[in-house]
There are 2 protein chains.
Amino acid sequence: MTPPPSVTPALDPEMFDPMCPSSALPFQIGDKWTGMVVLCLEHGRRRFTEIRGPLRGITPKVLTQTLRAMERDGLVVRTAYPEHPPRVEYELTPLGRSLLTLIDAARTWSRSHLAELLRARQAYDAN
Amino acid sequence: MTPPPSVTPALDPEMFDPMCPSSALPFQIGDKWTGMVVLCLEHGRRRFTEIRGPLRGITPKVLTQTLRAMERDGLVVRTAYPEHPPRVEYELTPLGRSLLTLIDAARTWSRSHLAELLRARQAYDAN
DNA sequence: CAGGATCCCATCTGATACTG
DNA sequence: CAGTATCAGATGGGATCCTG
């Protein structure tokens with residue numbers, strides 16, 4: 001018997017390619033993982049472990065820190081169900097969802113300019 | 001005899017109000033000071049000390065680090081004049097100037113949503 | 001399953017002093 | 001003036017182990 005599936009389709013575990021140079025972006029949403037968490041929650045709520053999947057290598061402690069900070073800032077709501085084993089779901093608030101426009105602006109910038117930045121960096125390092 | 005004025009009007013030493021909650025923004029351009037440096041250079045090139053003014057409290061070491069990183073990424077060009085005392089000017093490249101659109105997106109987001117974020121934070125901390 | 005508790009380290013930032 | 005050198009502190013992120 002499979003567990004009841006989330007309302008939303010499963011997250012692609014490789015939605016954040018570690019080889020993608022987005023880590024070179026000259027801007028960041030919140031802390032290191034905040035932007036990726038927002039994207040994980042873009043299409044509906046997710047459980048703790050579900051979010052953890054695409055965030056390759058994040059430890060539970062750090063994910064908890066990230067989610068707590070986001071909850072504090074009103075970006076996500078946390079819902080704990082009194083079950084055993086426990087189940088907790090996180091969902092974007094409208095405020096959290098508003099960050100998507102910023103992430104989109106960042107992506108647009110990247111498509112237009114990131115290659116140039118990386119070229120400049122290589123050229124500089126060649127000397 | 002006053003020194004030859006920069007091409008551009010002087011920077012307002014209080015253009016970055018330390019009491020302004022922009023430090024609470026859930027996003028950041030580059031490192032801590034990068035976004036502010038971009039804004040300092042928005043209207044033309046500036047000398048090292050000129051940039052340092054509005055960036056209250058930045059040490060020369062950190063400003064140098066910031067500017068070097070920006071030069072590496074092709075965001076600014078550094079021009080040193082062989083004079084005594086030395087004179088160095090920094091100027092945004094078109095790539096660096098392209099960040100202004102992102103900064104603008106951030107500002108737009110702030111105007112619409114930052115107050116709400118701060119309210120959520122206060123409410124959370126009240127418990 | 002969803003975390004809490006500890007420990008540790010790298011990085012970032014700043015303070016201070018000095019120099020071509 | 002525009003840095004460099006050195007040192008100290010804070011902070012963030014991660015590894016590991018443990019638990020309701």
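Basis for what follows: all heavy atoms, side chains included, without hydrogens, waters or symmetry-related copies.
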Does [X] reach the side chain of [Y], with side-chain heavy atoms less than 4.5 Å apart?
| X | Y | value |
| --- | --- | --- |
| B/Leu63 | B/Val37 | yes |
| A/Leu55 | A/Cys40 | yes |
| B/Leu100 | B/Leu39 | yes |
| B/Glu91 | B/Thr79 | no |
| B/Leu75 | B/Val38 | no |

Self-check item: Positional range of nucleotides in DNA chain C within the contact set of chain B, heavy-atom, under 4.0 Å
Solution: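 In short, chain B contacts DNA chain C from C/dT13 to C/dG20.
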Quiz prompt | Pairs touching residues 104-115 of chain A that satisfy side-chain hydrogen bond (donor to acceptor under 3.5 Å, both in side chains), sequence neighbours left out | solution =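 Non-adjacent pairs meeting side-chain hydrogen bond (donor to acceptor under 3.5 Å, both in side chains): A/Trp109-B/Ser98.
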Quiz item: Think B/Thr49 has a side-chain N or O under 4.0 angstrom from the OP1 or OP2 of D/dA2?
Solution: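 B/Thr49 to D/dA2 OP1/OP2: side-chain N or O found under 4.0 Å.
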Quiz item: Taking OP1 and OP2 of D/dA2, is either one under 4.0 Å from a side-chain nitrogen or oxygen of B/Arg47?
Solution: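 True: B/Arg47 side-chain N/O within range (under 4.0 Å) of D/dA2 OP1/OP2.
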Only pairs at least two apart or in different chains count here, so list each salt bridge (charged side-chain N to carboxylate O under 4.0 Å, His left out) that has a residue in [range].
| range | answer |
| --- | --- |
| residues 22-42 of chain B | none |
| residues 59-87 of chain B | A/Arg121-B/Asp73, A/Asp125-B/Arg72, B/Glu83-B/Arg87, B/Arg87-B/Glu89 |
| residues 12-23 of chain A | none |

Quiz item: Can you hop from A/Leu67 to B/Phe27 via hydrophobic side chains spaced under 4.5 Å?
Solution: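 Cluster IDs for A/Leu67 and B/Phe27 match.
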Quiz item: What parts of residues 65-76 of chain B reach DNA chain D, counting only heavy atoms under 4.0 Å away?
Solution: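 Only B/Arg68 qualify.
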Quiz item: Which atoms form the tightest heavy-atom contact between B/Pro86 and B/Arg47, and what is the distance?
Solution: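 B/Pro86 and B/Arg47 have their closest heavy atoms at O-NH2, 3.6 Å.
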Exercise. Within residues 78-88 of chain A, find the residues that approach DNA chain C with a heavy atom at under 4.0 Å, and present them sorted by residue number.
Key: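 DNA chain C contact set from residues 78-88 of chain A: A/Arg78, A/Pro85, A/Pro86, A/Val88.
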Self-check item: Interface residues of residues 23-41 of chain B with DNA chain C (non-hydrogen, below 4.0 angstrom)
Solution: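 Of all residues in residues 23-41 of chain B, the ones placing a heavy atom under 4.0 Å from DNA chain C are B/Lys32, B/Trp33.
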Practice problem: Sequence neighbours left out, what passes ring pair (Phe, Tyr, Trp, His ring centres under 6.0 Å) with B/Phe16? Give chain and number order. | Solution: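 B/Phe16 satisfies ring pair (Phe, Tyr, Trp, His ring centres under 6.0 Å) with no other residue.
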Exercise. Nearest whole angstrom, please: distance from the P of D/dG9 to the NZ of B/Lys61.
Key: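 After rounding, the reported distance stands at 14 Å.
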Quiz item: Over how many whole Å does the gap from B/Arg46 atom CZ to D/dG3 atom P extend?
Solution: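 B/Arg46 atom CZ is separated from D/dG3 atom P by 17 Å.
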Quiz item: Among B/Thr66, B/Leu92, B/Thr34, whose side chain to side chain contact (heavy atoms under 4.5 Å, CB included) with B/Val76 holds?
Solution: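 Looking at B/Thr66, B/Leu92, B/Thr34, the match for B/Val76 under the side chain to side chain contact (heavy atoms under 4.5 Å, CB included) is B/Leu92.
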Quiz item: Looking at residues at least two apart in the chain, or sitting in another chain, which of them share a side chain to side chain contact (heavy atoms under 4.5 Å, CB included) with B/Ala105?
Solution: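 For B/Ala105, the residues satisfying side chain to side chain contact (heavy atoms under 4.5 Å, CB included) (neighbours in sequence not counted) are A/Leu102, A/Ala105.
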Exercise. Apply side chain to side chain contact (heavy atoms under 4.5 Å, CB included) to A/Thr93 and list each qualifying residue two or more places apart in sequence or on a separate chain.
Key: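 If we apply the side chain to side chain contact (heavy atoms under 4.5 Å, CB included) test to A/Thr93, skipping adjacent residues, the hits are A/Val77, A/Leu95.
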Quiz item: Using the C1' atoms of the five pairs at each end, what is the angle between the end axes of the helix from C/dC1-D/dG20 to C/dG20-D/dC1, to 10°?
Solution: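 The value is 50°.
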